[in-house]
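One structure is given here, and the rest of the page talks about it.
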Amino acid sequence: MQNIFLIGMPSSGKSTLGRELAASLGYTFVDLDIRIAEDQEMTIPELFEKFGEGYFREVERRLLLGLPPDSGLLVATGGGAPCFFDNMDFIKKAGLSIFLDVPAAELAGRIRAHARDDRPLLSGVSDLEADLEARLNARRAFYERADLTIHAGTDIASLLQLLRNSLKHSR
Ligand code: S3P
């Protein structure tokens with residue numbers, strides 16, 4: 001079974017949706033950020049603080065490229081993962097990619113409703129929505145290379161149908 005990659009901004013729903021999709025499709029859910037934290041034996045904010053973003057991106061890339069191919073993995077990537085190095089080329093080759101396209105205003109609302117401390121790139125930001133908008137615009141060209149784009153509010157049943165069809169055709 002080919003791997004599936006969920007890509008998109010922080011709080012676009014990659015982990016939540018990823019868990020649901022994996023359970024429904026019989027895939028194994030992998031959260032790349034959790035893999036990174038386990039590999040480095042520290043939290044993502046600690047990693048950023050101690051070694052900086054450049055180091056984090058190196059580890060992120062190593063673990064992304066190290067995922068076993070065709071293993072029925074449903075991978076929730078970190079928001080920046082497709083946008084560094086040639087990671088998106090790898091994602092495109094390694095399986096089916098899905099971009100969760102959620103507007104900046106909605107992302108900001110979701111992030112405000114939760115703690116921001118676990119997202120080092122957003123923790124010191126004064127205008128959250130403007131920052132997310134700028135970040136999303138800068139990243140859109142990478143995200144839009146995904147095989148499928150899912151918009152906020154798509155219900156899980158239609159998404160599963162779409163995925164099953166795409167998986168069938170790409171076999
Ligand atoms: C990041 C998003 C985070 C995490 C890291 C950097 C980003 O993952 O990988 O803090 O660059 O957008 P989530 O998208 O799961 O929040």
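Computation of the quantities below employed the complete heavy-atom set of this structure, encompassing side-chain atoms and omitting hydrogens, waters and symmetry-equivalent molecules. First listed ligand is number 1; within each ligand, the first listed atom is number 1.
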| task | Measure the distance from atom 2 (C) of ligand 1 to every protein heavy atom, then report the residue, atom name and distance (to 0.1 Å) of the closest one. | result | Gly79 N, 3.4 Å
| query | Given the rule in the side-chain contact (heavy atoms from CB on, under 4.5 Å) test, do Ile7 and Leu100 qualify, once you have shown the distances and angles that lead to the verdict? | reply | CA-CA 6 Å; Ile7 66 173; Leu100 305 186; over 6 Å; no
| said: Check Glu58 with Arg62, please: is the shortest side-chain N to carboxylate O separation under 4.0 Å? | reply: no
| task | Mark up the atoms of ligand 1 that fall under 4.0 Å of a heavy atom belonging to Arg57, in ascending order. | result | 6 (C), 7 (C), 11 (O)
| request: Would you mind checking if Arg140 and Glu144 are paired as a salt bridge, meaning a charged N to carboxylate O distance below 4.0 Å? | output: yes
| request: Could you walk me through whether Phe90 and Leu64 pass the side-chain contact (heavy atoms from CB on, under 4.5 Å) test, one step at a time? | output: CA-CA 9 Å; Phe90 169 80; Leu64 176 69; 3.8 Å; yes
| Where's the contact between Arg139 and ligand 1, heavy-atom distance under 4.0 Å: side chain, backbone, both or neither? | side chain
| note | shortest atom 5 (C) of ligand 1-to-protein heavy-atom contact is with Phe56 CZ, 3.8 Å
| task | Salt-bridge test for Arg61 and Asp86: reply yes if a basic N is under 4.0 Å from a carboxylate O, no otherwise. | result | yes
| Leu121 and ligand 1 - part of the residue with a heavy-atom distance under 4.0 Å | side chain
| task | Would you mind running through ligand 1 and noting each atom that sits below 4.0 Å from a heavy atom of Lys14? | result | 13 (P), 14 (O), 15 (O)
| message | With a 4.0 Å cut-off on N to O distance, would you call Asp89 and Arg145 a salt bridge? | response | yes
| field | Numbering as shown, the atoms of ligand 1 that approach Arg119 to under 4.0 Å (heavy-atom distance) | value | 16 (O)
| task | Can you sort out which atoms of ligand 1 are near Gly80, meaning under 4.0 Å from one of its heavy atoms? | result | 7 (C), 11 (O), 12 (O)
| remark: Note: ligand 1 atoms sitting under 4.0 Å from heavy atoms of Gly78 are 8 (O), 9 (O), 14 (O)
| field | Protein contact to atom 10 (O) of ligand 1 [nearest heavy atom, distance to 0.1 Å] | value | Pro120 CD, 3.6 Å
| request: Could you tell me whether Arg35 and Asp31 have a side-chain N and a carboxylate O separated by less than 4.0 Å? | output: no
| query | Do the side chains of Phe99 and Ile150 get nearer than 4.5 Å, heavy atoms only? | reply | no
| query | Quick one: nearest non-hydrogen protein atom to atom 15 (O) of ligand 1, plus distance? | reply | Asp33 OD2, 3.3 Å
